[in-house]
Amino acid sequence: MEDRTGDVARLILDSKKIVVFVGAGLSTESGIPDFRSPGGVWDKYDPEDFYFQNFLSSESSREKYWQMATEMYDAMKDARPNAGHIAIAELEKLGKLDCLITQNIDGLHSKAGNSEEKVLELHGTAMHVACLTCQKRYERASIQERVSSGDKAPRCDSCGGLLKPATISFGQSMPERETAEAYRRSAACDLFIVIGSSLVVHPAAQMPVVAKRAGAKLVIVNRDETACDDIADIIVNGQAGQVMEAILESVRRIKDREA
Ligand code: NAD
């Protein structure tokens with residue numbers, strides 16, 4: 001692993017515009033389960049219960065959705081960023097980060113110190129709630145208080161519309177600005193680093209392919225194999241936090257040596 005983390009560090013120092021693309025695997029070391037690993041979210045829930053169409057269709061589906069969403073939020077709300085999040089924030093401080101495309105909804109990038117304008121949240125955020133009718137946004141904590149005092153499927157104070165965590169469910173449209181920007185930045189970077197994603201959820205999983213076709217180097221840091229391993233320049237299999245910490249350590253060492 002050491003050789004490869006050194007090679008990634010070299011690539012980072014030789015790059016001007018880095019796009020980092022992350023998935024649920026980045027946050028498992030912060031105690032938030034991913035979807036597909038054993039013990040992950042899909043071992044516990046039926047993916048169909050997360051379909052947007054079901055949320056719209058009946059009050060009982062909405063109540064079930066809020067119940068699952070509350071359990072997931074409970075695992076996220078007090079989570080702390082791990083070494084992987086901190087390493088990505090350090091890339092920003094080094095002036096190397098063009099943007100961070102995240103599939104995560106846990107709000108840990110801002111807790112780690114990445115600035116808001118660098119982060120593209122492709123699947124929204126669980127830290128807010130939005131009205132599906134008038135788009136009014138609420139802090140998640142305030143709506144959770146209502147849920148825990150018995151409001152099983154809360155509605156908007158202003159218009160009575162359905163309230164839903166501001167995340168993108170299956171069957172719900174992707175956010176236009178973030179998606180367009182993510183494609184644009186992927187096509188314009190010189191290094192694309194994937195961390196903690198199985199790369200099977202589309203359209204997010206196309207970004208590494210877009211970057212690679214446009215001439216960027218592709219690095220994948222993941223515990224298990226991914227759908228894009230065959231096109232990667234460097235693959236480091238391991239725990240994201242540990243690997244990213246080693247990579248940044250190597251970046252600092254090379255910088256000091258060459259200063
Ligand atoms: P995924 O569950 O499909 O894949 C996670 C990948 O991370 C797996 O390949 C696994 O091998 C790897 N992994 C797990 N722990 C790791 C670790 N410590 N170090 C390195 N690799 C590790 O997740 P995905 O690709 O992000 O896509 C699924 C969807 O899950 C996304 O849409 C995302 O919105 C949603 N999700 C987000 C969170 C979160 O916000 N933290 C949690 C669960 C699911």
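Every number for a ligand or one of its atoms is a count from 1 in the order of the listing. Residue numbers start at 1 and run along the sequence shown. In what follows, every heavy atom counts, from backbone to side chain, and hydrogens, waters and symmetry copies are set aside.
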Distance from [atom] to nearest protein heavy atom, with residue and atom:
atom                    : answer
atom 28 (C) of ligand 1 : Arg36 NH1, 3.3 Å
atom 40 (O) of ligand 1 : Ile105 N, 2.8 Å
atom 8 (C) of ligand 1  : Asn222 ND2, 3.9 Å
atom 20 (C) of ligand 1 : Gly238 O, 3.2 Å
atom 34 (O) of ligand 1 : Gln103 O, 2.4 Å
atom 15 (N) of ligand 1 : Thr28 OG1, 2.8 Å
atom 25 (O) of ligand 1 : Ser197 OG, 2.8 Å
atom 19 (N) of ligand 1 : Ala240 N, 2.8 Å

Mark yes or no for whether [X], through its side chain, and [Y], through its backbone, hold a donor-acceptor pair below 3.5 Å.
X      : Y      : value
Asp233 : Val219 : no
Asp229 : Thr226 : yes
Asp98  : Ile18  : no
Lys212 : Ala232 : no
Asp190 : Ala216 : no
Ser57  : Asn54  : yes
Lys164 : Phe52  : no
Tyr138 : Asp157 : yes

Interatomic distance, Ile12 atom CD1 to Leu97 atom CG [nearest 0.5 angstrom]: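 Between atom CD1 of Ile12 and atom CG of Leu97 there are 10.0 Å.
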Report the distance from atom NE2 of His109 to atom CG of Leu120, rounding to the nearest 0.5 Å.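 It is 10.5 Å, given to the nearest 0.5 Å.
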Does Gly241 reach ligand 1, in the sense of a heavy atom lying below 4.0 Å from it?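 No; Gly241 lies far enough from ligand 1 that no heavy-atom distance drops under 4.0 Å.
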I'd like to know whether ligand 1 has Pro33 as a neighbour, heavy-atom separation below 4.0 Å.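 In this structure, Pro33 qualifies as a contact of ligand 1 - some heavy atom is under 4.0 Å.
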In terms of atom number and element, which parts of ligand 1 are under 4.0 angstrom from non-hydrogen atoms of [X]?
X      : value
Gln239 : 17 (C), 18 (N), 19 (N)
Glu29  : 17 (C), 18 (N), 19 (N)
Ile32  : 41 (N)
Ser27  : 41 (N)

Heavy-atom nearest option to [atom], drawn from [options]:
atom                    : options                       : answer
atom 37 (C) of ligand 1 : Thr167, Asp34, Asn104, Val221 : Asn104
atom 41 (N) of ligand 1 : Leu26, Asp106, Val200, Val201 : Asp106
atom 10 (C) of ligand 1 : Asp224, Leu199, Thr102        : Asp224
atom 16 (C) of ligand 1 : Ala227, Gly23, Gly25, Ala24   : Gly25
atom 32 (O) of ligand 1 : His123, Glu121, Arg223        : His123

Mind running side chain to side chain donor-acceptor pair (under 3.5 Å) on Ser27 and Ser30 for me, showing each step along the way? CA-CA 5 Å; Ser27 293; Ser30 294; 5.3 Å; no
Side-chain heavy-atom pair Asp151, Trp66 within 4.5 angstrom cut-off: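 No, their side chains stay 4.5 Å or more apart.
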